[in-house]
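Only one structure is covered here, and it is reproduced in the block below.
In what follows, residues are counted from 1 in the order of the sequence shown.
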Amino acid sequence: MKYGIELQENVFPPWRLSYVSYDILKQELKSRQLNHGWTNKDEADFTHLLENELTKVYDFVNAKLAEIDARILYCERTIQTLQKNNTGNQDSNYSIMDEALTDILFDVNDLSKFTRVNYVAIQKILKKHDKWTGLNLKQGFVNKLREKPLDKQRFDVAIVYISALHDICRNRGKQSPGNSASGGDQNAFERATAKYWIHPDNITEVKAIIMLHLPVLIFDKSKKYEPEDSAVSSVYYDNPNFDLYTGRLQRDEMAEAIRFRWYGKTSSKNVFIERKTHHAVWLDGASVKDRFRMNEDRVNSFVSGQYTADQIVNELRAKGTDEAIINDTGFIATGVQKSFREKKLDPILRVFYNRTAFQLPDSQMLRISLDTDLTFIREDHLDGRMRRQNPPNNWRRTDVGIDSPFHYLPESEILRFPYAVLETKLQTHLGQQPPAWLNSLVEGHLVHEVPRFSKYLHGACYFYKNKLALLPWWLSEMNVDIRKPRAENIGLTRSKSFKPLIDGRYRRAMIEEREQVNKAAVVGGPTPVSATNKNLAENVKELNRRRSASIDEKTAAAWRPTANSRNKNEEYTLIDLNSSSNQNLDNPHAVSEPLLRQDNYSNNSNIGFNMKNNDSFDRYPPPTLPPPVNKFYQAAGNNSSGRLVPNKDISYKKQLGQPIEVDLEGGKGGKGINKKVKVEPKTFFANERTFIAWLQFCALLLTVALNLLNFGDNTSRIVGGVFIGLSAGIAIYALYRFEKRAWMINNRSNGRYDDIWGPAVLCVLLVIALIINFYLRFR
């Protein structure tokens with residue numbers, strides 16, 4: 001589709017006159033070259049016209065942002081007044097403010113799309129100019145775009161404040177119950193995790209949809225929220241042989257990933273030493289992520305071994321820190337330093353992104369994080385360039401901050417990921433099922449699922465692919481346009497009168513439906529919790545202070561939400577080695593809190609433990625996990641409207657050759673949603689192998705026929721002619737089946753992929769040919 005048509009389809013009618021005049025600019029390029037070549041005057045006039053269009057769009061965006069800020073401030077003051085004057089009829093007042101905030105949220109979403117569309121339009125017109133004129137205006141226009149940037153417009157601050165005010169309205173003027181800083185609590189539960197890519201066109205809309213159901217969590221509520229508060233930076237360590245990369249990709253037992261992480265600006269004094277271990281032996285095969293905090297000025301000495309685990313323990317003990325935390329910290333530090341010594345680890349890669357996290361403070365059932373501006377930056381010295389020389393061999397580069405998109409770095413040292421990364425974590429230990437709105441989101445057009453996506457593995461395989469034998473499976477997905485046709489009644493839309501619609505419904509209708517559900521729950525009474533579940537919750541709660549433990553990989557694969565189920569037989573692309581292992585990497589985020597909460601948060605709440613067998617077990621013994629749960633929950637019966645089921649219990653028996661489907665919302669009187677398994681590249685290769693097998697049989701049959709024609713008598717020549725015709729017919733039929741299957745695979749067709757009649761007809765024709773041969777020979 002031509003971009004001019006795409007632009008017209010995405011125009012928001014009330015703002016039509018403020019869009020880039022794409023067609024006029026394009027016409028200027030064409031008309032000025034009809035009678036003469038492109039002159040300097042043409043170039044100056046066109047550049048001036050383009051600058052005017054950029055200024056028009058930039059001024060409109062700034063004016064709208066100022067208007068949105070003023071409306072948010074008005075809502076905030078009104079809500080504060082309602083909180084102080086606690087009189088009657090407050091519910092209706094809060095409902096009015098909730099609708100006003102929804103209107104603002106929709107305007108933020110529309111403004112985000114407006115900015116994105118116009119930015120792409122300017123990029124497209126610059127590309128056309130350079131192509132048609134032979135000049136390089138795109139490079140020269142960079143400074144103009146930096147003076148009036150459209151690609152760096154950030155709407156996160158507005159969304160955070162809208163979320164906080166929404167939360168107050170939702171609770172009718174009260175703060176959300178529960179402890180918002182539930183870092184330890186949320187991480188120790190078993191979770192089913194799914195990861196998705198989001199196209200830049202859809203990022204703000206996805207944020208807005210999630211925000212309507214879950215409040216935004218922030219990391220430091222001791223100060224006013226600022227854009228840099230969402231920055232997350234991590235330096236990953238590995239050796240020149242990339243042993244940690246290979247182990248994580250192959251999911252080897254005890255495979256490690258070690259990273260040093262900090263939040264916000266690079267001037268932050270707190271650095272978190274983190275390690276993720278696959279199937280840790282001291283946790284009976286459970287995978288674990290654990291970490292401890294360290295001052296930035298002690299990191300270099302810790303890496304070199306001068307600042308030992310014993311010194312860290314002694315300092316914590318002198319401060320009066322809890323003994324359990326001291327043991328855990330010593331256990332982690334000893335294990336990390338042992339890996340540094342034995343594996344010769346060095347800084348390899350920096351991963352930067354801006355993270356927005358969503359979670360209800362009083363519920364740990366669901367946590368969602370959305371990472372944008374994902375960027376990979378080299379930290380190594382493998383190519384002979386010394387990047388960490390201030391001071392020499394520093395643990396990270398000092399010439400890189402958090403000012404994305406890092407224009408000052410050479411293109412050879414940076415990779416800007418084109419999509420945002422969405423990660424959902426659903427609590428599974430009590431048989432929770434995903435909410436309907438989340439199913440609608442992940443099954444809709446706004447996201448593209450990429451199971452087991454890993455930031456470190458992706459960045460490493462880009463920069464060091466010549467040194468790696470294995471590459472992740474999702475690299476083939478980078479060549480696919482992940483945008484999908486817009487689904488009806490999914491996401492944020494507007495009515496013909498431009499009223500906000502959420503999944504095709506008005507906000508008030510959604511609120512009334514939610515209130516009816518809550519009233520029904522109150523009338524019916526709380527759902528009883530079995531004694532087993534209570535004991536399980538109590539046992540797990542003992543671990544919440546320190547450890548972030550995930551369930552066993554096999555268990556996680558068997559007990560994932562059906563809404564997120566994807567089967568991946570191979571998690572990487574094999575180049576030189578032979579392996580069928582899979583990889584499973586989680587990337588949990590740091591503890592964060594919702595806006596306007598007053599509870600204090602301690603960074604020590606997430607301290608954990610993790611390392612291989614060594615002497616640290618004696619000095620800092622690791623705690624043990626609670627008894628394993630034999631069965632987390634029971635698959636729902638026919639009366640359920642939605643469910644979580646283990647993969648091995650799915651009883652949908654499909655005919656051989658048909659794509660496997662899973663009923664996501666089966667139930668009495670309910671309409672099921674069929675989810676097809678994602679097509680892998682090897683599916684196309686299997687189709688080709690089948691086609692080649694048929695051609696091999698045709699070649700064999702043709703060889704027999706040519707021998708009969710050239711060396712036989714009259715009867716043999718007749719039979720040879722029959723075999724030639726049969727061979728030609730089979731070849732044509734094989735080509736037809738090959739093309740049909742390829743079309744079915746590309747279009748995710750729901751038909752049969754096996755061939756019912758082909759082999760049977762082939763056998764019949766061969767028998768007929770033999771009968772003809774015997775008849776002619778012995779008549």
Side-chain angles (χ1 to χ4, degrees), residues 146 152 154 219-220 223 226-240 242 244-245 257-275 291-308 311-312 333 336-337 339-340 343-355 371-417 455-456 458-460 462-464 587 589-590 603:
R146 289 180 181 174
K152 294 187 68 175
R154 294 288 302 276
F219 310 129
D220 183 7
K223 65 181 185 66
E226 298 176 354
E228 57 265 22
D229 292 342
S230 63
V232 181
S233 304
S234 303
V235 173
Y236 285 83
Y237 281 74
D238 211 327
N239 55 33
F242 291 92
L244 269 61
Y245 168 95
I258 296 177
R259 67 189 178 205
F260 292 1
R261 171 171 289 187
W262 68 98
Y263 302 97
K265 298 179 180 179
T266 53
S267 59
S268 173
K269 301 299 182 182
N270 296 324
V271 177
F272 293 89
I273 313 299
E274 299 186 355
R275 182 181 57 180
R291 70 179 190 172
F292 65 95
R293 192 196 66 81
M294 180 180 293
N295 291 333
E296 193 276 333
D297 57 358
R298 308 299 296 270
V299 174
N300 280 327
S301 57
F302 174 79
V303 172
S304 64
Q306 298 175 1
Y307 185 43
T308 65
Q311 290 176 285
I312 297 174
V336 170
Q337 287 192 323
S339 295
F340 273 97
K343 300 178 182 179
K344 309 296 182 184
L345 302 181
D346 288 311
I348 293 292
L349 181 72
R350 180 182 300 195
V351 178
F352 169 86
Y353 50 86
N354 288 296
R355 168 163 288 187
D371 301 334
T372 58
D373 303 319
L374 178 57
T375 309
F376 306 94
I377 302 171
R378 292 189 65 166
E379 292 270 352
D380 64 282
H381 299 163
L382 297 178
D383 57 353
R385 180 175 179 181
M386 310 305 288
R387 297 181 174 86
R388 294 174 281 102
Q389 288 300 99
N390 187 22
N393 290 321
N394 194 38
W395 68 276
R396 66 179 177 185
R397 297 176 62 162
T398 56
D399 60 333
V400 179
I402 61 171
D403 46 345
S404 175
F406 308 100
H407 289 301
Y408 50 85
L409 287 177
E411 291 300 317
S412 60
E413 296 189 6
I414 187 171
L415 170 64
R416 299 175 183 89
F417 194 68
K455 297 181 180 72
Y456 171 62
H458 185 87
Y462 174 81
F463 289 115
Y464 318 107
N587 199 6
H589 189 264
N603 284 329

Whether F352 and F406 hold their rings parallel, tilted or perpendicular, with breakpoints at 30° and 60°: perpendicular
Examine distances only and state if a side-chain atom of D238 and a backbone atom of L244 form a donor-acceptor pair shorter than 3.5 Å. yes
Work out which heavy atom in A333 is nearest to a heavy atom in I312; give both atom names and the distance. CB-CD1, 4.1 Å
Look at the rings of Y237 and F340 and say which category their plane angle falls in: under 30° parallel, 30 to 60° tilted, over 60° perpendicular. perpendicular
Students often mix this up, so state it plainly: with edges at 30° and 60°, are the rings of Y263 and F272 parallel, tilted or perpendicular? perpendicular
Should M294 and F302 count as side-chain neighbours, where that means a heavy-atom distance under 4.5 Å? yes
Please confirm whether the backbone N or O of R397 pairs with a side-chain atom of E379, one donor and one acceptor, at under 3.5 Å? yes
Gap separating the CE atom of M386 from the CG atom of D380, nearest 0.5 angstrom: 10.5 Å
R259 side chain reached by R291 side chain, heavy atoms, under 4.5 Å: no
Donor-acceptor contact below 3.5 Å, side chain S301 vs main chain R298: yes
Counterpart residues, side chain to side chain contact (heavy atoms under 4.5 Å, CB included), relative to P410 (two or more places apart): R385, S412, E413
Which word best sums up how the rings of Y456 and Y236 line up, parallel for under 30°, tilted for 30 to 60°, or perpendicular for over 60°? parallel
Would you compute the distance between atom CG of D371 and atom OG of S230 and round it to the nearest 0.5 angstrom? 9.5 Å
Contact between Y408 and D399 at the side-chain level, heavy atoms closer than 4.5 Å - yes or no? no
